J.: 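Below are the structure tokens for one structure; questions will follow.
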2 protein chains.
Amino acid sequence: MSDTDTKFETEMNRGFLQVLVLVVLEEAMYGYMMLRKFEQLGYKVEESTLYPLLRRLEKYELVESKWDVSADRPKKFYEISEKGRRIRQKLLKIWQQQDFILKNLSQEDI
Amino acid sequence: MSDTDTKFETEMNRGFLQVLVLVVLEEAMYGYMMLRKFEQLGYKVEESTLYPLLRRLEKYELVESKWDVSADRPKKFYEISEKGRRIRQKLLKIWQQQDFILKNLSQEDI
DNA sequence: TGACATACTGTGCGAAATACAGTATAACGT
DNA sequence: ACGTTATACTGTATTTCGCACAGTATGTCA
């Protein structure tokens, strides 16, 4: 596995991770919980990638957060907003369109 | 269509466009030709996005280029390399995995 | 008591998408 | 003949992302 490989593989995260987070946040979750969930799905994400993404999504009001201090450690729960749902729909549509194009063009090569 | 929308939609290009270019370059093509092709597929790409991407792919030896000066205007033809094919396979596999995860998680919301 | 898991924040770097500007030729309509 | 549009590419500056790395703090378990 050369360095070039990881370089290009990394780029595959950007769009996908946005959508993935917006999808799972239909149900309220906190950062560390998502990291575990993604790992179970066979998709490892770095803490230093997810946490800034969550803050960014909140900054643009696609998600809302509230601290839960009732348990052992304080946890910051995130949940998708109405705006987030609207944008998620658009992003999922883009994804499907891209998937359609890719499947059609690459079926002879796979 | 707010500004936030485009901001997040933009991120959807990155991984996809890499793969798309590597797929179509199984057949030799030049930049402007790809722009037209993508447009026909319903997927508009900016010149200022595609050209730097092609240079980058060449820099990392995923594609090779040669100038064709026989026609009216000089055209820079690109074609995928062996290294490019190897990496394309990995990226396509990542795409499929991501698509699988997304379809499973979001089927109840779509 | 010392390592590991949990749970988050903050800073800095390299690289990518795009805007914008520029170069140059060919095809076209008027 | 002349201006506009299409063709075909290069180069620079800006913004923002992914991630490495560092740091803070509490809980669990050998």
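Since this is a predicted model, take the numbers as computed values, not measurements. Within every chain, numbering begins at 1; the chains are lettered A, B, ... in the order of the sequence lines, protein sequences first and strands thereafter.
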J.: Between B:Arg73 and A:Gly15, which has a closest nucleotide on DNA chain D that is more 5'?
T.: B:Arg73
J.: Would you state whether a donor and an acceptor, one from the side chain of B:Ser48 and one from the base of C:dA17, lie under 3.5 Å apart?
T.: no
J.: Within the supplied structure, the quantity of interest is the number of heavy atoms (other residues, nucleotides, ligands) at a distance under 6.0 Å from B:Glu61 CD; does it exceed 12?
T.: no
J.: Have a look at A:Thr10 and say if it touches a base, only the backbone sugar-phosphate, or nothing, with a 4.0 Å heavy-atom cut-off.
T.: sugar-phosphate
J.: Hey, which of these two, A:Val45 or A:Asp72, hits DNA chain D nearer its 5' end, going by closest nucleotide?
T.: A:Val45
J.: Atom CH2 in A:Trp95, atom CZ in B:Phe16: separation rounded to 0.5 Å?
T.: 10.0 Å
J.: To check you understand the geometry: which heavy-atom pair defines the closest contact between A:Glu26 and A:Arg88, and what is its length?
T.: OE1-NH1, 2.9 Å
J.: Could you tell me whether the phosphate oxygens of D:dC17, OP1 or OP2, come under 4.0 Å of any side-chain nitrogen or oxygen in B:Lys7?
T.: yes
J.: A:Leu54 has an atom CG; how far is it from atom C1' of C:dT9, in whole Å?
T.: 13 Å
J.: Is any side-chain N or O of A:Glu47 under 3.5 Å from a base N or O of C:dC8, one able to act as donor and the other as acceptor?
T.: yes
J.: Can the positive tip of A:Arg36 be found less than 6.0 Å from the middle of the six-membered ring of A:Tyr32, inside 45° of the ring normal?
T.: yes
J.: What is the nucleic acid contact for A:Arg55, judged by heavy atoms within less than 4.0 Å: base, sugar-phosphate only, or nothing?
T.: base
J.: Just the rounded figure in Å: distance from P of D:dC9 to CD of B:Glu46.
T.: 16 Å
J.: Check the phosphate of C:dA16 against B:Asn13, side-chain N and O only, distance under 4.0 Å to OP1 or OP2. Yes or no?
T.: no
J.: How far apart are the closest heavy atoms of B:Ser70 and B:Asp68, and which atoms are they?
T.: OG-OD1, 2.7 Å
J.: Closer than 4.0 Å, any side-chain N/O of B:Arg36 to the OP1 or OP2 of D:dT7?
T.: yes
J.: Rounding to an integer number of Å, can you tell me how far A:Trp67 CH2 sits from D:dA25 P?
T.: 13 Å
J.: So, is A:Lys76 near the phosphate of C:dT9, with a side-chain N or O under 4.0 Å from OP1 or OP2?
T.: yes
J.: When you check the gap from the basic side-chain N to the acidic O, do A:Arg85 and A:Glu82 get nearer than 4.0 Å?
T.: yes
J.: How do A:Pro52 and A:Arg14 order along DNA chain C: which one's closest nucleotide is nearer the 5' end?
T.: A:Pro52
J.: Rounded to whole Å, how long is the line connecting atom CG of A:Leu53 with atom P of D:dA20?
T.: 16 Å
J.: Need one value for A:Glu11: base, sugar-phosphate or nothing, where a base atom within 4.0 Å counts as base even if backbone is also close, heavy atoms only.
T.: sugar-phosphate
J.: Which whole-number value in Å describes the distance from B:Tyr30 OH to D:dA6 P?
T.: 15 Å
J.: If you compare every side-chain N and O of B:Arg56 against the phosphate oxygens of C:dA15 (OP1, OP2), does one of them come in below 4.0 Å?
T.: no
J.: Starting at atom CZ of B:Phe77, determine the distance to atom C1' of D:dT7, rounded to an integer number of angstrom.
T.: 13 Å
J.: How many Å lie between OH on B:Tyr32 and C1' on C:dA27, as a whole number?
T.: 12 Å
J.: Using a cut-off of less than 4.0 Å, is there contact between a side-chain N or O of A:Tyr51 and OP1 or OP2 of C:dT9?
T.: no
J.: What is the distance, rounded to the nearest whole Å, between atom CD of B:Glu9 and atom P of C:dT18?
T.: 11 Å
